[in-house]
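All values below come from the heavy atoms of this structure, side chains included, with hydrogens, waters and symmetry mates left out. Residue numbers begin at 1 in each chain, while the letters A, B, ... track the order of the sequences. Every value quoted in this text rests on a predicted model; they were computed, and no experiment measured them.
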Number of protein chains: 2
Amino acid sequence: MFSKACEYGIRACIYIATQSLSDKRVSLKEIAKEIDSPEPFTAKILQELVKNKIVDSVKGPSGGFMISPSNISTIMLRDIVFSIDGDSIYKGCGLGMKECSEICPCPIHNQFKIIKNGIKEMLDTTNLHQLTYGLQNGMTFLKIEKNEFRD
Amino acid sequence: MFSKACEYGIRACIYIATQSLSDKRVSLKEIAKEIDSPEPFTAKILQELVKNKIVDSVKGPSGGFMISPSNISTIMLRDIVFSIDGDSIYKGCGLGMKECSEICPCPIHNQFKIIKNGIKEMLDTTNLHQLTYGLQNGMTFLKIEKNEFRD
DNA sequence: TATTTAAAGGATAAAAAAGTCTTTTATTAT
DNA sequence: ATAATAAAAGACTTTTTTATCCTTTAAATA
Ligand code: FES
Ligand code: FES
């Protein structure tokens, strides 16, 4: 569905957002640990998100990444996905033809249109605040949690 | 969404099916031409589909690929996709966690469940016959058609 | 101002996916 | 039987994606 880069990007944004709500900047190291992602690769993805004004970064001591709390409910999942994967997921042809169009539809075009509309709808209507909510309440997770009974 | 291999695989099956309905075996060369795919790569994918009993092949002169007409309406899109890409598209976690579960759901789990159910539903209920229908009527296409006015 | 800290940038490496090529095997028709 | 045909098999190459490493730049603070 999404590229690995995009998956890490979304997870990183959600984690950064939870901490930004408590006015805390977070370091790359902390992010990678909390979302269980490879640190240098995550750095690259964050650079891209910073360029796209989704994440804000500050260098040096007590620096790190944050997302301005006022933006957390205006940033849509679509914005993050678009920054990293573009729009092929909801615009491209499901059978990989150069373009998806009503004029030259592939055999699964009509079935796929429904799916792609659903994806677009989800990306367009889900904001970052919604995604952080469950995480803060311990109802959702960004990595497989290991408890004290099993590892 | 699907891998390139899977896209070619689906397109190949649809083309083979249309010809099999006229009792014609088709060669790799013809398939690759008709679905606009790289010939040797398509060969690999077809081998896999033959192993998975979705496509039948015969070597030698007047050999080629076909799909038994009686199977065309029982082969589901799911069967083709599963042969090539497995079930990660509707079973995996949208944010790339090792598994998708209700016990340890990721922040987009609930939104994604709807999408994934839609995909599963589509794959489970769409059969090969449905997909060949539009193609035979010139309503759907397996490659961008070039007409006499523009190329 | 010097030192430390942490991200940015750029080059590189590893792995996976996509695509190619050559040889072998099976089948048909001569 | 033999030649021709077409898929199967397996090794190989290229491209893309994923991941790592090292140097530079910017900011804070001591
Ligand atoms: S043309 Fe293939 S999905 Fe629209
Ligand atoms: S846990 Fe991520 S989609 Fe279910």
If every non-hydrogen atom of B:Met76 is compared with every non-hydrogen atom of B:Leu123, which pair is closest and at what distance? CB-O, 3.8 Å

Are the charged groups of B:Arg78 and B:Asp87 less than 4.0 angstrom apart, N to O? no

Please report, rounded to the nearest Å, how far the P atom of D:dT20 is from the CG atom of A:Leu28. 12 Å

Counting heavy atoms from C-beta on, name the nucleotide in D:dG10, D:dC21, D:dA8 closest to the side chain of A:Pro40. D:dC21

Atom-pair distance (CD on A:Gln47; C1' on D:dT24), nearest Å: 12 Å

So, taking the atom named CD1 in A:Ile67 and the one named OG in A:Ser20, what distance separates them when rounded to the nearest 0.5 Å? 5.5 Å

Among residues two or more places apart or on two chains, list those pairs meeting side-chain hydrogen bond (donor to acceptor under 3.5 Å, both in side chains) that have a residue in residues 57-70 of chain B. B:Ser68-B:Ser70

Where the side chain of B:Lys44 is defined as all heavy atoms beyond and including C-beta, which of D:dT18, D:dT20, D:dA11 is the nearest nucleotide? D:dA11

Specify the separation, in whole Å, of atom CD of B:Glu48 and atom P of D:dA8. 11 Å

Tell me, with the steps shown, if B:Gln136 and B:Leu21 meet side chain to side chain contact (heavy atoms under 4.5 Å, CB included). CA-CA 10 Å; B:Gln136 288 178 311; B:Leu21 287 172; 3.6 Å; yes

One thing to verify: whether A:Glu7 and A:Lys4 come together as a salt bridge, which I'm taking to mean a side-chain N less than 4.0 angstrom from a carboxylate O. yes

Chain A reaches DNA chain C, atoms under 4.0 Å from its heavy atoms, from C:dT4 to C:dA11

